[in-house]
Amino acid sequence: MAKHALITGITGQDGAYLAKLLLEKGYRVFGLIARRGTDTLWRLRELGIEAQVELLNGDLTDLSSLIRAMEKSQAGEVYNLGAQSFVATSWEQPLLTAQVTGVSVTNMLEALRIVNPKARFYQASTSEMFGLIQAEKQDEATPFYPRSPYGVAKLYGHWMTINYRESFAIHASSGILFNHESPLRGIEFVTRKVTDAAARIKQGKQKELRLGNIESQRDWGFAGDYVEAMWLMLQQEQPDDYVIATGRTTTVREMCRIAFAHVGLNHEDHLVIDHKFFRPAEVDILLGNPAKAKAGLGWEAQTSLETLITLMVDADMRRVEKE
């Protein structure tokens with residue numbers, strides 16, 4: 001019999017790539033979806049899997065709908081990827097972020113505990129929990145210091161996952177994922193904003209790219225690589241927490257250079273610094289140490305930043321051409 005998996009946030013970047021991976025492994029994949037009238041399924045469609053995923057109505061803030069989703073899916077693996085995931089919005093909507101990104105983790109854990117406490121649980125934690133870094137390279141033992149309402153909410157969810165693991169012997173693991181991108185990334189995120197701008201400027205549909213702190217550094221990987229780490233965590237005999245990263249950090253400025261150079265442009269000719277895009281509390285640098293994931297899961301990043309950015313620029317070139 002096929003394994004059953006339930007994915008919250010299935011319409012997001014990670015959810016779509018994870019659904020594709022699980023389908024390829026023979027899973028029956030269920031996705032929780034809050035229907036809000038807009039086309040949220042475009043990522044599933046772009047990967048060619050929309051018809052293969054079984055969608056269930058529900059909301060992370062509504063425990064009753066999560067219980068029903070657990071009952072209908074009969075999931076043996078639950079991947080909790082749903083969240084208000086844009087850091088900038090978390091300052092504008094801190095209470096919503098606390099509920100959807102933080103408290104909802106408890107809702108999902110409770111639904112699992114009530115319906116099937118033997119199910120395995122994955123929580124999407126984040127490098128934003130490190131924030132004001134306390135070590136040059138961040139690993140599972142590095143103290144947390146979140147610098148945004150998003151980071152704080154994610155930290156609540158992270159510790160709740162640990163608490164349910166220790167309190168109720170639930171196979172609950174957290175992946176502390178550093179920044180991971182893809183052609184499916186939302187346009188509001190800086191990497192996609194850059195690759196989309198490179199495509200538009202190349203095709204004469206835009207003249208400039210306005211960004212905030214381009215000296216901030218991030219450890220960027222490919223989302224398609226990172227979802228495999230999620231799956232691997234739930235295949236282990238014992239649950240645990242793992243940093244998932246490339247071990248390389250790069251400035252936003254350098255990322256812009258790579259993207260624009262791929263289409264024969266000089267980013268400096270088009271880049272405008274706009275202070276409205278600066279964060280109220282900045283995270284200057286993030287650099288992950290994925291040694292534990294390599295040793296314990298046999299996982300390591302396969303896609304370089306250069307390859308990732310060119311994939312994204314090429315996808316945006318095709319999108320802009322179709323407009």
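- A donor-acceptor contact closer than 3.5 angstrom links the side chains of Asp139 and Thr142.
- Qualifying ring pair (Phe, Tyr, Trp, His ring centres under 6.0 Å) partners for Phe144, counting only residues two or more places apart in sequence or in other chains: Phe130, His158.
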Do any side-chain atoms of residues 310-318 form donor-acceptor pairs under 3.5 angstrom with protein atoms, and if so which ones, sequence neighbours left out?
{"residue": "Thr310", "atom": "OG1", "partner": "Glu306", "partner atom": "O", "Å": "3.1"}
{"residue": "Thr310", "atom": "OG1", "partner": "Thr307", "partner atom": "O", "Å": "2.8"}
{"residue": "Asp314", "atom": "OD1", "partner": "His262", "partner atom": "NE2", "Å": "2.8"}
{"residue": "Asp316", "atom": "OD1", "partner": "Arg192", "partner atom": "NE", "Å": "2.9"}
{"residue": "Asp316", "atom": "OD1", "partner": "Arg192", "partner atom": "NH2", "Å": "3.0"}
{"residue": "Asp316", "atom": "OD1", "partner": "Arg319", "partner atom": "NH1", "Å": "3.1"}
{"residue": "Asp316", "atom": "OD2", "partner": "Arg192", "partner atom": "NE", "Å": "3.1"}
{"residue": "Asp316", "atom": "OD2", "partner": "Thr195", "partner atom": "OG1", "Å": "2.7"}
{"residue": "Asp316", "atom": "OD2", "partner": "Asp196", "partner atom": "N", "Å": "3.3"}

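- Scored by the side chain to side chain donor-acceptor pair (under 3.5 Å) test, Glu323 finds Arg200 as partners (sequence neighbours excluded).
- A salt bridge links Lys292 and Asp240; the closest N-O separation between the charged side-chain nitrogens and carboxylate oxygens is under 4.0 Å.
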Would you mind writing out the side-chain donor-acceptor pairs for residues 295-302 within the sub-3.5 Å range, not counting sequence neighbours?
{"residue": "Trp299", "atom": "NE1", "partner": "Asp225", "partner atom": "O", "Å": "3.0"}
{"residue": "Gln302", "atom": "NE2", "partner": "Glu300", "partner atom": "O", "Å": "3.0"}

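- A search for side chain to side chain donor-acceptor pair (under 3.5 Å) contacts involving Asp219 returns Thr246, not counting sequence neighbours.
- Annotation for Val152 and Pro146: closest pair N-CB, 3.6 Å, computed over non-hydrogen atoms.
- Side-chain atoms of Gln84 and Thr97 form a donor-acceptor pair, as typed in the model, at a separation below 3.5 Å.
- Using a cutoff of 4.0 Å between basic side-chain nitrogens and carboxylate oxygens, Arg253 and Glu215 are scored as salt-bridged.
- Residues forming a side chain to side chain donor-acceptor pair (under 3.5 Å) with Glu136 (at least two apart in sequence, or on another chain): none.
- No side-chain donor-acceptor contact under 3.5 Å links Gln93 and Gln99.
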